Amino acid sequence: RMLFAAMHSSHHLAVSTEGLTRSFGWGSAAAFQQHDCSELLHILFEALRKASKDKFGAVQSLFQGASVSYIGSEERGVWRGREETFLGLQLQVEGMHSVEEAVK
């Protein structure tokens, strides 16, 4: 919360992320290692869950989405779908003007 509050209220172009990296249990050396975005998301959700004492997944459900994969045959008119939930969405952003354009 502190990082987002600082970002929102600061008149500077950048704010310190030291408090956030400490909350992940990362030392000063770990802060300079490359971390995968998916790993960061997982750690962030876990920290939010613990901080809010969320036992039912309410925090996760705010960011969870679902996609349906279909397979079938036009000749036979048979289609089957399988729904899968996700927390992270991969977007192709190269050549796009905005995230909204990449989602479409």
Side-chain angles (χ1 to χ4, degrees):
R1 283 188 289 191
M2 299 298 289
L3 175 63
F4 294 112
M7 289 169 38
H8 181 71
S9 63
S10 178
H11 298 290
H12 301 290
L13 294 176
V15 296
S16 173
T17 59
E18 185 177 335
L20 179 65
T21 54
R22 255 189 283 116
S23 74
F24 293 152
W26 296 345
S28 58
F32 292 101
Q33 292 177 353
Q34 181 176 345
H35 294 278
D36 183 82
C37 292
S38 297
E39 178 185 1
L40 174 62
L41 186 63
H42 174 76
I43 292 169
L44 180 60
F45 282 145
E46 185 62 20
L48 287 171
R49 186 187 65 75
K50 285 180 180 177
S52 67
K53 297 181 178 31
D54 178 11
K55 298 188 183 357
F56 301 106
V59 171
Q60 182 173 322
S61 69
L62 290 172
F63 298 95
Q64 183 172 300
S67 66
V68 180
S69 300
Y70 291 98
I71 188 167
S73 168
E74 285 188 24
E75 283 181 15
R76 296 182 182 177
V78 177
W79 294 92
R80 301 216 187 257
R82 184 177 81 194
E83 185 174 301
E84 298 178 66
T85 59
F86 60 85
L87 290 175
L89 183 62
Q90 294 183 357
L91 297 176
Q92 179 67 34
V93 295
E94 186 175 343
M96 302 291 172
H97 298 292
S98 67
V99 172
E100 290 84 6
E101 184 181 349
V103 171
K104 292 177 184 178

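The figures that follow rest on heavy atoms only: side chains count, while hydrogens, waters and symmetry mates do not. Because the structure is predicted, anything quoted here is derived from the model rather than measured.
Counting only residues at least two apart or in different chains, side-chain hydrogen bond (donor to acceptor under 3.5 Å, both in side chains) contacts with residues 77-89 comprise Arg82-Glu84.
In Ile71, the CD1 atom is not crowded: 12 or fewer heavy atoms of neighbouring residues, nucleotides or ligands sit closer than 6.0 Å.
Salt-bridge annotation for Glu101 and Lys104: absent, with no side-chain N of the basic residue lying under 4.0 Å from a carboxylate O of the acidic one.
Side-chain heavy atoms closer than 4.5 Å link hydrophobic residues (I, L, V, M, F, W, Y) into clusters, and following such links, even through other members, never connects Val103 to Met96. When the side chains of ILVMFWY residues are joined at heavy-atom separations under 4.5 Å, either directly or via intervening members, Phe86 and Val99 end up in a single hydrophobic cluster.
Contact detail for Leu41 and Leu87: the closest heavy-atom pair is CD2-O, 3.6 Å. For Val93 against Ala102, the heavy-atom pair with the smallest separation is CG1-CB, 4.2 Å.
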